[in-house]
Amino acid sequence: MNSHADAIVAGHICLDIIPEFPSHAKNWYVPGSLLKMGPAVVATGGAVSNTGIALHRLGVRTRLMGKVGDDLIGNSILDFVRRQDAELAEGMIVTAGEQSSYTVVISPPGIDRMFLHCTGANDTFGAGDVDEKRVAGARLFHFGYPTLMRA
């Protein structure tokens, strides 16, 4: 694999789980009730995925830098990224025993979205995790959601 990239996108990455609410969903938040849902969309989210994969699709040689745990969610994030292009994931860090980040997006009809978010391994991603050699060779460095990351 060629590790050279024109763009490096680092920072926050997560797995988004977006259940489809039925159009008749009213009073869906009643405790103890059961609401039959439609299929869920599962995709990566966060600046690393959103910006990095968009740049890649536009033809920019891009690499991602972020952190996931060695759990089911982290594996799903890496599988999704690698399906786009295996080289995108070269800079991703997998940390044993850490929880990967996920977001459940709640978007019932007629109501603004709500997010249930676990920051997970993003909380331990910092400047020391950025591969300076890769960044030095790139023309663009984008760090997404620095306010959500540790100092």
Item to check | Verdict with reasoning, Asn122 to Lys67, per side-chain contact (heavy atoms from CB on, under 4.5 Å) | outcome: CA-CA 6 Å; Asn122 292 303; Lys67 188 182 279 190; 5.7 Å; no
Any residue meeting side chain to side chain contact (heavy atoms under 4.5 Å, CB included) with [X], in chain and number order, not counting sequence neighbours:
X: Val94; value: Val68, Asp70, Leu78
X: Leu34; value: none
X: Ala43; value: none
X: Pro22; value: His24, Ala25, Leu35, Met37

Checklist entry - Are Ile17 and Leu72 connected in the hydrophobic side-chain network, where two residues link if heavy atoms are under 4.5 Å apart? => result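 No, it is not one cluster - the side chains of Ile17 and Leu72 are not joined through contacts under 4.5 Å.
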Checklist entry - According to a 4.5 Å side-chain heavy-atom criterion applied to Ile, Leu, Val, Met, Phe, Trp and Tyr, with indirect links allowed, do Ile73 and Leu116 form part of one hydrophobic cluster? => result yes
Next on the checklist: Tell me which pairs pass side chain to side chain donor-acceptor pair (under 3.5 Å) where either residue lies in residues 33-48, with sequence neighbours left out.
Outcome noted: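 Output for this query lists Thr44-Ser49.
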Next on the checklist: Treating Asn75 as the side-chain partner and Asp71 as the backbone partner, does any N or O pair qualify as donor plus acceptor under 3.5 Å?
Outcome noted: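 Yes: the side chain of Asn75 pairs with the backbone of Asp71.
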Item to check | Side chain Asp129, main chain Gly126, donor-acceptor under 3.5 Å | outcome: yes
Item to check | Arg82: side chain to side chain donor-acceptor pair (under 3.5 Å) partners, not counting sequence neighbours | outcome: none
Checklist entry - Sequence neighbours excluded, which residues qualify as side chain to side chain donor-acceptor pair (under 3.5 Å) partners of Thr51? => result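 Result, side chain to side chain donor-acceptor pair (under 3.5 Å) vs Thr51: none returned.
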Checklist entry - Excluding sequence neighbours, so at least two apart, what forms ring pair (Phe, Tyr, Trp, His ring centres under 6.0 Å) with Tyr102? => result none
Next on the checklist: Checking Asp131 against Ile8 for the side-chain contact (heavy atoms from CB on, under 4.5 Å) test, could you report, in this order, the C-alpha distance in whole Å, the side-chain angles of both residues, the deciding distance, and whether it holds?
Outcome noted: CA-CA 10 Å; Asp131 185 335; Ile8 303 289; over 6 Å; no
Closest non-hydrogen atom pair between [X] and [Y], with its separation:
X: Gly46; Y: Cys14; value: N-SG, 4.1 Å
X: Ser100; Y: Cys118; value: O-SG, 4.2 Å
X: Ala121; Y: Gly69; value: CB-N, 4.1 Å
X: Arg63; Y: His4; value: NH2-O, 3.3 Å
X: Ala10; Y: Val48; value: C-CG2, 3.4 Å
X: Asp16; Y: Gly45; value: OD2-CA, 3.5 Å

Distance, nearest 0.5 Å, that separates [atom1] of [X] from [atom2] of [Y]:
X: Ile53; Y: Arg83; atom1: CD1; atom2: CZ; value: 10.0 Å
X: Phe125; Y: Thr119; atom1: CZ; atom2: OG1; value: 14.0 Å
X: Thr103; Y: Arg113; atom1: OG1; atom2: CZ; value: 10.5 Å

I want to check something: taking the side chain as every heavy atom from C-beta on, are [X] and [Y] in contact at a cut-off of under 4.5 Å?
X: His56; Y: Arg61; value: no
X: Val130; Y: Val135; value: yes
X: Val9; Y: Phe141; value: no
X: Ile77; Y: Ile13; value: yes

Checklist entry - What residues, two or more places apart in sequence or in another chain, satisfy salt bridge (charged side-chain N to carboxylate O under 4.0 Å, His left out) together with Asp85? => result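 For Asp85 there are no salt bridge (charged side-chain N to carboxylate O under 4.0 Å, His left out) partners, ignoring immediate neighbours.
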Checklist entry - Remaining members of Phe115's ILVMFWY cluster at a side-chain heavy-atom cut-off under 4.5 Å? => result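 Grouped by the 4.5 Å side-chain rule, Ile18, Val41, Val105 form the rest of the cluster around Phe115.
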Checklist entry - Taking the six-membered ring for Trp, are His12 and His117 parallel (under 30°), tilted (30 to 60°) or perpendicular (over 60°)? => result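 Answer is tilted, since the angle falls between 30° and 60°.
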Checklist entry - So Leu88 and Thr62, side-chain contact (heavy atoms from CB on, under 4.5 Å) or not? Walk me through it. => result CA-CA 6 Å; Leu88 281 170; Thr62 306; 4.0 Å; yes
Checklist entry - Yes or no on side-chain contact (heavy atoms from CB on, under 4.5 Å) for Thr124 and Glu98, after CA distance, side-chain angles and deciding distance? => result CA-CA 9 Å; Thr124 63; Glu98 284 200 42; 2.9 Å; yes
